[in-house]
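If you read the sequence from its start, that first residue is 1, and numbering goes on from there. Keep in mind that what you see is a predicted model, and the values were worked out from it rather than measured.
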Amino acid sequence: MASDIVFVIALMGVVSAVWGALAIPRLRRRLPKIYLIARSWWFMLAALFGCYAIAKIADHHAELLTSRYPYQWLLIGFFVLIGLRGGYEIKRIWCLPSRARLIHKLQSRGLQPSVTPTSSADHTASATIPHYTHPTGLDGLLSMAFVALIVSLIALQQLTWQREQYGALLFVLFASQFNDIAQYLCGRLLGHRLFSRGLAPRISPNKSIEGAVFGSMCAALLASLLGVWLTGFEWWLCLLAAYGLAVSGIAGDLLESAFKRQHGIKDTGTMLAGHGGVLDRVDSLLIGVPIFTVLYWLLG
């Protein structure tokens, strides 16, 4: 069995086991947010891996099918749906009425702190805000990065399929996701033990320098081992790519955090329980994936 399919099955098994364990009533009461995160991860991976597996099987058995391309378009369609949902989340935040509804929804679920006006002047000031706020430079930067991400995912899928290096797509996606998890764990264990100042206190107060440094190193080591197995690339190349994806993942996360802070929201949506919106989940891919795709195209 191909290494990428083994990885898909193994990861789904691990996430299923974690979700099942957290579903035990006692653990679910103690760790409600972790339970929601695991549940959302299961559904996200099931959708991604389902599209991936169908496209991969169709590609290997093309001679038995009328055409393999409709099956490949299933995976591309998955990325397009992510793009449409993320674009909707950005547009919703630009429009004041829809942003207000989002904030109210987040507050009702305890995901957004309530802000009470301190004087009547606050009501007067809010009434002068335009009905529609035009995008700022930061909004434009985030939008361009998100469009580049979706285009890069589609291009990378096509390139890896043409070169029969299927695992490269999974390597890129999960190198960045491992970084998110490793940063969180290292931040919880080591946060503010070596540095009293946070990584970017004005943008993301909860991010620590320790979590960023040690988390990216751990993620790069783990992802490089995954890369050697999935792609067959040299170990040093996998390590370099994994560390680059980890560092760029931090930059992408800070970019999206700055965007949210500018608009006064905690999450871009509630679609993925425990994670937020689609933008909250793919922020670590915003910068690294386009860069990797260009280099993969030029050097492959």
Quiz prompt | Steps toward side chain to side chain contact (heavy atoms under 4.5 Å, CB included) verdict (Val213, Met217) | solution = CA-CA 6 Å; Val213 173; Met217 291 172 60; 4.1 Å; yes

Exercise. Show your working on side chain to side chain contact (heavy atoms under 4.5 Å, CB included) between Thr293 and Val289 and close with a plain yes or no.
Key: CA-CA 6 Å; Thr293 302; Val289 171; 4.0 Å; yes

Practice problem: Decide yes or no on side chain to side chain contact (heavy atoms under 4.5 Å, CB included) for Thr268 and Glu256, but give the supporting numbers first. | Solution: CA-CA 9 Å; Thr268 60; Glu256 200 240 359; 3.3 Å; yes

Self-check item: Criterion side chain to side chain contact (heavy atoms under 4.5 Å, CB included) on Phe214 and Leu194, from CA distance to verdict
Solution: CA-CA 12 Å; Phe214 295 106; Leu194 300 177; 3.8 Å; yes

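Considering Thr270, Asp267, Leu111 as possible partners of Lys105, the one that fulfils the side-chain contact (heavy atoms from CB on, under 4.5 Å) test is Thr270.
Using a 4.5 Å cut-off between side-chain heavy atoms of Ile, Leu, Val, Met, Phe, Trp and Tyr, with links allowed through other members, Leu153 and Ile76 fall into the same hydrophobic cluster. Leu225 and Val172 fall into different hydrophobic clusters, defined by Ile, Leu, Val, Met, Phe, Trp and Tyr side-chain heavy atoms under 4.5 Å apart, directly or through other members. Residues Leu170 and Leu11 share a hydrophobic cluster, clusters being chains of Ile/Leu/Val/Met/Phe/Trp/Tyr side chains in contact below 4.5 Å. Both Leu106 and Met271 sit in one connected hydrophobic cluster of ILVMFWY residues. Membership requires side-chain heavy atoms under 4.5 Å apart, directly or through other members. A single hydrophobic cluster is seen to contain both Trp41 and Leu36, as judged by linkage of ILVMFWY side chains at heavy-atom distances under 4.5 Å, directly or through other members.
Atom CG of residue Asp253 and atom CD1 of residue Ile287 lie 10.0 Å apart, to the nearest 0.5 angstrom. For the atom pair OG of Ser208 and OH of Tyr184, the computed distance is 12.0 Å after rounding to the nearest 0.5 Å. Here the straight-line distance linking atom CD1 of Ile82 with atom CD1 of Ile150 works out to 6.0 Å at 0.5 Å rounding. The structure places CZ of Arg30 at 12.0 Å from CD1 of Ile24, a figure rounded to the nearest 0.5 Å. Remark: Ser152 OG to Leu285 CG distance equals 10.5 Å, nearest 0.5 Å. Taken to the nearest 0.5 Å, the CG atom of Leu22 stands 10.0 Å off from the CD1 atom of Ile37.
Between Arg163 and Trp297, the shortest heavy-atom contact is NH2-O, 3.4 Å. Taking both residues in full, the closest heavy atoms of Asp4 and Tyr166 are given as OD2-CB, 3.5 Å, listed atom of the first, atom of the second, then distance. What you find for Gly252 and Leu286 is that their closest heavy atoms are O-CD1, 4.0 Å. Counting all heavy atoms, side chain and backbone alike, Gly211 lies closest to Gln183 at O-CG, 3.4 Å. The two residues Ala182 and Gly215 come nearest to each other via the heavy atoms CB-O, 3.3 Å. The two atoms that bring Ser40 and Leu272 nearest to each other are OG-C, 3.6 Å, heavy atoms only.
In this structure, Ser284 and Asn179 have side chains that are not in contact, with every pair of non-hydrogen atoms separated by 4.5 Å or more. Between Lys207 and Leu254, some side-chain heavy-atom pair lies under the 4.5 Å cut-off. Counting only heavy atoms from C-beta outward, the side chains of Lys260 and Ile93 never approach each other to under 4.5 Å. Residues Phe49 and Lys56 have side chains not in contact (no heavy-atom distance under 4.5 Å, counting atoms from C-beta outward). Contact check for Phe78 versus Gln157: no side-chain heavy atoms found under the 4.5 Å cut-off. By the 4.5 Å heavy-atom criterion applied to side chains, Met144 and Pro290 are not counted as neighbours. At a threshold of 4.5 Å between non-hydrogen side-chain atoms, the residues Phe292 and Ser176 do not count as touching. A heavy-atom distance below 4.5 Å is not found between the side chains of Asp139 and Ile90.
Although no hydrogens or angles enter the test, the distance criterion places no donor-acceptor pair under 3.5 Å between the side chain of Glu89 and the main chain of Gly277. Panel note: side chain Gln112, backbone Gly264; a donor-acceptor pair is recorded below 3.5 Å. Formation of a donor-acceptor pair under 3.5 Å by the Thr231 side chain with backbone atoms of Ala168 is not found in this model. Side-chain atoms of Arg39 never come within 3.5 Å of backbone atoms of Ala23 as a donor-acceptor pair (strictly under, hydrogens ignored). Gln165 places no side-chain N or O within donor-acceptor distance of the main-chain N or O of Thr160, the cut-off being under 3.5 Å. Here the side chain of Gln262 pairs no donor or acceptor atom with the backbone of Leu138 at under 3.5 angstrom.
A salt bridge does not link Lys266 with Asp280: every distance from a Lys NZ or Arg NE/NH1/NH2 to an Asp or Glu carboxylate oxygen is 4.0 Å or more.
Few gaps surround NE2 on His192; more than 12 heavy atoms of other groups in view lie less than 6.0 Å from it. More than 12 heavy-atom neighbours from other residues, nucleotides or ligands sit within 6.0 angstrom of CE on Met12.
Relative orientation of the Tyr52 and Trp161 rings is perpendicular, given thresholds of 30° and 60° on the angle between their planes. Relative ring orientation between Trp19 and Tyr35 is described as tilted, the plane-to-plane angle lying within the 30° to 60° band.
In this structure, Phe174 has its ring center closer than 6.0 angstrom to the ring center of Phe7.
Between the side chains of Ser16 and Trp42, a donor-acceptor pair is found at a separation under 3.5 Å.
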